[in-house]
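It should be emphasised that the depicted structure is a prediction, and the values quoted were computed from it without experimental measurement. Numbers restart at 1 for each chain; the letters A, B, ... are given by sequence-line order, proteins then strands.
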Number of protein chains: 2
Amino acid sequence: MNNLQRSAQTKKSIMEAATSLFAREGYDSTGVAEICERAGVSKGAFYYHFESKEAVFLALIDTWLNTLETTLNDVTYQAKSVPDGLLEMAGMMQPIFENNQFFMGLFLELWTHANRNEKVRQATIAPYRRFEETFTRLIKRGIEEGTLENVEPEIAGQLLLSLSSGFFLQASLETEQGNWGKKLQESIEILLNGMKRRN
Amino acid sequence: MNNLQRSAQTKKSIMEAATSLFAREGYDSTGVAEICERAGVSKGAFYYHFESKEAVFLALIDTWLNTLETTLNDVTYQAKSVPDGLLEMAGMMQPIFENNQFFMGLFLELWTHANRNEKVRQATIAPYRRFEETFTRLIKRGIEEGTLENVEPEIAGQLLLSLSSGFFLQASLETEQGNWGKKLQESIEILLNGMKRRN
DNA sequence: TAAAACATAACGACCGGTCGGTTTTTGGAG
DNA sequence: CTCCAAAAACCGACCGGTCGTTATGTTTTA
């Protein structure tokens, strides 16, 4: 292995180890030594590749949110109609809900530290705003194509984002594997049709 | 001051100090010494009243969730119609959203540790389920009184709970004071009316 | 041979919890 | 009301251990 491959491999090992440990134990409760042990590298290697423990966390946030964003964009762009797209999106979330031990824990860790650490907050807010914009754009598209009522796009976008986030939270608390993708789908169906009785 | 008052006062001081510190710095980053300093008591007093740092956290969870539950129940029982009740509830959340530096931080801390610590999980899940039931009952009532469509109460209840939780999350990230109570109201209006265009 | 990549041991700060001692309150006895 | 001993409440120095980071040395690649 040449230096480039070796470096990349080590870095990858560290990030993978950190991902699962942060997700399971939390950022504060996970020690650098623990990460190193699981990654099969030494502390020297760790601090050769990362400036600090925090730097690893920030790197993880970056890759994770980018993955999520790409997935989201793919789904919304490919959908024929907007209501269909929303329902598909809910289905797409299923795999994420399923590895909850992995992602849910990281998701929570992310939110918590975004509230205290300025760097984490910055790394979180930006993609989060883009999520919101994606939803808002989707709503606008739906109104234009005539499949959605004339709701306020900003409010509806925020509604969708909150609903998704709330489902993440709920799913993280449950121990048994509920079918969260389907539950989210059914919720979105209700949202599309409305709850209030018409006369 | 007699012993009863003295005890109560000290305990109160400790819990208040812990509340604001946990909310701002997080559970792990807040030291017992720090809590004691802010509360104006010594470590001896702290460990006289609480078995451990965790015990304080559990006590806080208990009082906080009870407050929230009482508020929620009051609103839903007093409402004339269910759609009105839902909108009022959203308005009632406004004061909670406003002291976000206090409550939002604690909310996040609660969720994070519920995911790792079994005791915290137990203390969280029970009231959380009751929230869900309250929402579900509300939906059933709405269907019975004829103000709501014939949606599945369990799904709709979960939807409302997720939406509320998601709003808490969002509000905790924002630095500027958005009017989250009103935003939640508008979201619920959309939810009541539905988003899909009828033909 | 130089530079990159990694290993190991040790440091220093911190933190939850303990423990022996001190102050304050209590509830009678005189 | 006064005194006093016991219990309750509180104090604060200290311990054992952990953890992030660093300094120094070693191996691997260029």
*Asks:* Mind calculating the distance between CZ (Phe50(B)) and C1' (dG16(C)) to the nearest angstrom?
*Replies:* 16 Å

*Asks:* Tell me which residues in residues 41-49 of chain A lie within less than 4.0 Å of DNA chain C, going by non-hydrogen atoms.
*Replies:* Val41(A), Ser42(A), Lys43(A), Gly44(A), Ala45(A), Tyr48(A), His49(A)

*Asks:* Do Tyr27(A) and Asp28(B) have side chains that get closer than 4.5 Å, going by heavy atoms?
*Replies:* no

*Asks:* Ignoring backbone atoms, establish whether Thr10(A) has a side-chain N or O less than 4.0 Å from OP1 or OP2 of dA5(C).
*Replies:* no

*Asks:* Going by distance alone, is a donor N or O of one side chain under 3.5 Å from an acceptor N or O of the other, for Ser162(A) and Gln158(A)?
*Replies:* no

*Asks:* Take the protein atom CD of Glu37(B) and the nucleotide atom P of dG12(D), then report the distance between them rounded to whole Å.
*Replies:* 12 Å

*Asks:* Between atom CG in Asn3(A) and atom P in dT27(D), what is the gap in whole Å?
*Replies:* 17 Å

*Asks:* Could you state the CG-C1' distance from Asp28(B) to dC15(C), rounded to the nearest angstrom?
*Replies:* 12 Å

*Asks:* Check whether the side chains of Arg38(A) and Ser13(A) place a donor and an acceptor atom closer than 3.5 Å, and report yes or no.
*Replies:* no

*Asks:* Mind checking whether His113(B) and Phe57(B) have parallel, tilted or perpendicular rings, split at 30° and 60°?
*Replies:* perpendicular

*Asks:* Just list the side-chain donor-acceptor pairs under 3.5 Å for residues 143-150 of chain B, sequence neighbours left out, or say none.
*Replies:*
residue: Glu145(B); atom: OE2; partner: Val82(B); partner atom: N; Å: 2.8
residue: Glu145(B); atom: OE2; partner: Thr147(B); partner atom: OG1; Å: 2.8
residue: Thr147(B); atom: OG1; partner: Gly142(B); partner atom: O; Å: 3.3

*Asks:* Output the rounded distance in Å from CD (Gln9(A)) to P (dT29(D)).
*Replies:* 14 Å

*Asks:* Using a cut-off of 4.0 Å on non-hydrogen atoms, how would the nucleic acid contact of Thr30(B) be classed: base, sugar-phosphate, or nothing?
*Replies:* sugar-phosphate

*Asks:* Give a yes or no on this: more than 12 heavy atoms of other residues, nucleotides or ligands lie within 6.0 Å of atom CD of Glu54(A).
*Replies:* yes

*Asks:* Let me know the distance between CG of Leu4(B) and P of dA7(D), rounded to the nearest Å.
*Replies:* 18 Å

*Asks:* With the side chain of Asn2(A) defined as its heavy atoms from C-beta on, choose the nearest nucleotide among dT21(D), dA30(D), dG16(C).
*Replies:* dA30(D)

*Asks:* Specify the separation, in whole Å, of atom CD of Glu25(B) and atom P of dC15(C).
*Replies:* 11 Å

*Asks:* Using whole Å, what does the distance between atom C1' of nucleotide dC15(C) and atom OH of Tyr27(B) come to?
*Replies:* 12 Å

*Asks:* Among side-chain atoms of Gln122(A) and Glu118(A), is any donor-acceptor pair under 3.5 angstrom?
*Replies:* yes

*Asks:* More 5' along DNA chain C: Met1(B) or Gly31(B), using each one's nearest nucleotide?
*Replies:* Gly31(B)

